[in-house]
Structures are given as structure tokens and as C-alpha cells.
Amino acid sequence: MTVLGAADAAALTRARELALNARGRVSPNPLVGAVILRDGRLIAEGWHEGPGLAHAEIMALRAAGPQARGATLVCTLEPCSHVGRTPPCAPAVIEAGIARVVVGCLDPLERTRGRGIHLLREAGIDVAVASGEQARRSRELIDAFITHSARGRPHVMLKLATSLDGKVATRTGESQWITGPQARGLVHRLRADHDAVAVGIGTALADDPQLTARGIAGPVRQPARVVFDSFARLPVTSALARGARTIPVYLAVGANAPWDRVTELQNAGVEVVAFPTLRPDVPAVLAALAERGIQSVLVEGGAQLAGAFVAADTVDVVRWFLAPTLIGGDQAPGALGGDGVGNLAQAARLGDLTVTRVGDDVLCSGRLIDLPQIED
Ligand SMILES: NC(=O)c1ccc[n+]([C@@H]2O[C@H](COP(=O)([O-])OP(=O)(O)OC[C@H]3O[C@@H](n4cnc5c(N)ncnc54)[C@H](OP(=O)(O)O)[C@@H]3O)[C@@H](O)[C@H]2O)c1
């Protein structure tokens, strides 16, 4: 592991920006970006656009052409050494005559970790692996991929919108819209960034949402929709069920879900996943989603489901929109249902906190669970 110099760090930052061009479209692959430097000058860029398409290093090598000989390749992730849907990158890097490689982070998959770097070094290429902040940011770029492979569950982002006094709806259940148009636009971007969006049946019944990503510039891969619904109460006439043949809907039901309801929803194209408990358990649902290749889930509430995710210690990161309004009232629901904690020392606390203004609203972002480490 190496503390990178300013030029390498700037190039790696650029490579991460490039990787984000394909956000929301690369799963089950990781986001990867790469640049090529020659005499300290950036001469080529590339990123991975999605499964079956060329990897970032190959795109950058193609853009550099013969200029790649003797140059430095800077990539956010260790070049792969194995044949997947596309040929391996490390041999292509060697063949192109690259003299030096800077890597943002090691391959998170244990079975292949370090093999790309080993091949490069064997071929006489000088390889530097980032440490510290640069390594952390490079891992963060692929947090969904890392969490899925290391923890066997999708990466979970909890998004909620509350009034300043922490209410998600009024006492009559009205919650659309607590935040302004800019915040709602950002939520569509968050949906597009995830493999799936999850809500509880309370929200599905109250709001009849589509949970699709709308109004986003550029190509969008729509997230699958997940509803926690113990008794299969989702109406076949709901927007979710009606769209199930176009964009997948997974309905997590409990052991006592009536089979006529289940069959009716299945006939409408909904994939019903049954769990042996009365209520589908959050970790069990996440494991079932991970098995279906879902690497990231955006949880959009409501209060009961959000509380269950926090109580199960399965929220990796939080995006909390605060509207400068006061709803008040004992009957208006707070943001997190369930039992909560008994004393302040047990309260979940956000790390890496950032606070930004989004239109008239405030967005608090932070992390509840550390990213898994990638051991050398
Ligand atoms: N401001 C916001 O950000 C925001 C976001 C979303 C919703 N909302 C508002 O919140 C309200 C709905 O919230 P809500 O708390 O009543 O409903 P919810 O959290 O959407 O759904 C809760 C229901 O999900 C089912 N469920 C199944 N498995 C569960 C599990 N493991 N843990 C928890 N629940 C599980 C339960 O019903 P069964 O056991 O019967 O299946 C439970 O009653 C609506 O008014 C909506 O508009 C606001």
C-alpha cells in the first residue's frame, strides 16, 4: 500500500468521476474508471459501461492507442486476471506496454484478489496500490459490490423525508409532499442508482407509488421494487402490481399469507417470496434479494419498515431530507417505528456526516455501518 503523490491522487479522483458515468447500470459488476498519464499529462480516459461491455482499463487503452507504451495506467480497481463475460484486463495492460499501474483498491473477491497485480508485477510493471483516504474513496465507489460479496446481502441506503420535528406524515396520513421538487428529483436519482427500492405495505397502500426513477437525464436502468407485505395485501390494481411485468416486483410475504391472494398476485406478474416467519424478517429478505443478484437496496420507508431495518442493524448509509416545516401532533407518525432504543448510548449515530442544502430542504448524509475491509 502506498501513499500516492498529488498527480496520482488527482488522476485517481478523475478515474472515480469517470466510473460514475455508468452509475446504476453496471450491477452485478462494480463501477470502474481508468485514466492513462504520459509525462504527467492525462492522455486517455475510460470507464466500464456495464455487463458484457469492455472494462474501464480496456476503454482507456483503446483511447490511448500506441501512446500507452511506457505510460502510467491509473484505475480505481485492480485490473482483473480472469476471463468473465469479457477477456481479462491484466494481460491486455501488459501487451499495451504500460510501464506503471496505480490501483485504487484491491479486488474485493477473495478468489481473485491480488492475481491481477501479481501478473502485472511478474511482467516487470511497477504497481502502486493506494492507501488511506484514496483507498477508502475507491472502496466507497464500489460499496454495493463489496457489501454483496463480503456480507451476502445488498448494500442498504435508508432514505427518509421528515419535517423539522421528525414527522413523516401528518396525523391524517398525508405525506406527499413533505420536501420540495429538488429533493424529490434527487430521490429519483437515488432510485436509478440502486438495483432495488423497498417499502412496507403501509406505504404501498397509503401512497400507491410506482417507485420508478423518473426525470433523469441519460440512460436509466429501472430498479426492481420490493414490498414487505406479510399477508399479501398489495392490490392487483395497485401501480406496483400493474407494472410488475415491465419492472420486477418482489413481494416478501410471511407464513400466513393467504394462497388465493398470493396466486392472484403471481398471475399479475409479481414474484412472491414466502418466508417461514409471520412477518418477513429483514435479514432474511435481504439474503433472498442478494441470491437474486440484487446488490443495492434503497429503503424508502415508511416508519415501521425503516425502524425494522435500523433495529436489524442493516442500514449501511442514510440520506435524510429535512424540510423546514413543523407538522406536530401526537398522532402524526415519527420517522422510525418499532421499539427504538431505551437509552441514548444505544442510539445509532451517523459517521462521515455531511449536511447539504437541496432547494429549501436540508440533506443529512452519513454512514451507520463501516464498509467491509479488503485484506491484502
Ligand atoms: N416521509 C417519508 O419519507 C415517507 C416515506 C414512506 C412512507 N411515508 C408515509 O408513511 C406512512 C406508512 O408508514 P407505515 O409505518 O404505516 O408503513 P410501512 O413501514 O410502509 O409498512 C409497515 C408494514 O409493513 C409490513 N411489514 C412486513 N414485514 C415487515 C417487517 N419486517 N418490518 C416492518 N414492517 C413489515 C407490516 O404489515 P403486515 O405485517 O400487515 O404486512 C407493517 O405494518 C404513509 O402515510 C406514507 O405516506 C412517508
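Fair warning: this is a prediction, and the values are worked out from it, not measured in the lab. Atoms within a ligand are numbered from 1 in the order they appear, just like the ligands themselves.
Using a 4.0 angstrom heavy-atom cutoff, Arg233 counts as in contact with ligand 1.
Residue contacts with ligand 1 for Ser230 involve both N, CA, C or O and side-chain atoms from C-beta outward (heavy atoms, distance under 4.0 Å). At a 4.0 Å heavy-atom cut-off, ligand 1 touches Ala308 through the side chain alone. Heavy atoms of Pro280 found under 4.0 angstrom from ligand 1 belong to the backbone as well as the side chain. Using a 4.0 Å cut-off between heavy atoms, Thr203 contacts ligand 1 through both its backbone and its side chain.
With hydrogens left out, the protein atom closest to atom 1 (N) of ligand 1 is Ala161 O, 2.7 Å, a heavy atom. Scanning all protein heavy atoms for the shortest distance to atom 22 (C) of ligand 1 gives Gln304 CB, 3.4 Å. Considering only non-hydrogen protein atoms, atom 47 (O) of ligand 1 sits nearest to Ser175 OG, 2.7 Å.
In this comparison of Val253, Ile201, Thr277, the heavy atom closest to atom 37 (O) of ligand 1 sits on Ile201. When the heavy atoms of Pro283, Ala332, Gly202, Ala335 are ranked by distance to atom 17 (O) of ligand 1, first place goes to Gly202.
The ligand atoms of ligand 1 that sit less than 4.0 angstrom from a heavy atom of Glu300 are 5 (C), 6 (C). Close approach to Ala206 involves these atoms of ligand 1, each under 4.0 Å from a residue heavy atom: 44 (C). Every atom of ligand 1 is numbered from 1 in the order shown, and the set under 4.0 Å from a heavy atom of Gly173 is 45 (O).
For the pair Val199 and ligand 1, the shortest N or O to N or O distance does not fall below 3.5 Å. Considering backbone and side-chain N/O of Leu160, none are found under 3.5 Å from N/O of ligand 1. In terms of polar-atom proximity, defined here as any N/O pair under 3.5 Å, Leu305 does make such a contact with ligand 1. For a threshold of 3.5 Å applied to N or O pairs, the pair formed by Lys159 and ligand 1 contains no separation below that value. Here's the thing with Gly200: one of its N/O atoms is less than 3.5 angstrom from an N/O atom of ligand 1. The distance criterion of under 3.5 Å between nitrogen or oxygen atoms is met by Asp207 with respect to ligand 1. Residue Gly302 has at least one nitrogen or oxygen atom sitting less than 3.5 Å from a nitrogen or oxygen atom of ligand 1, judged on distance alone.
Comment: Arg261 does not engage Asp229 in a salt bridge, judged by the lack of any side-chain N to carboxylate O separation of less than 4.0 angstrom. Comment: Arg184 does not engage Asp361 in a salt bridge, judged by the lack of any side-chain N to carboxylate O separation of less than 4.0 angstrom.
For the residue pair Ser138 and Gly104, the shortest heavy atom distance occurs at OG-CA, 3.5 Å. Scanning all heavy atoms of the two residues, the minimum distance from Ala9 to Leu4 falls at N-CB, 4.2 Å.
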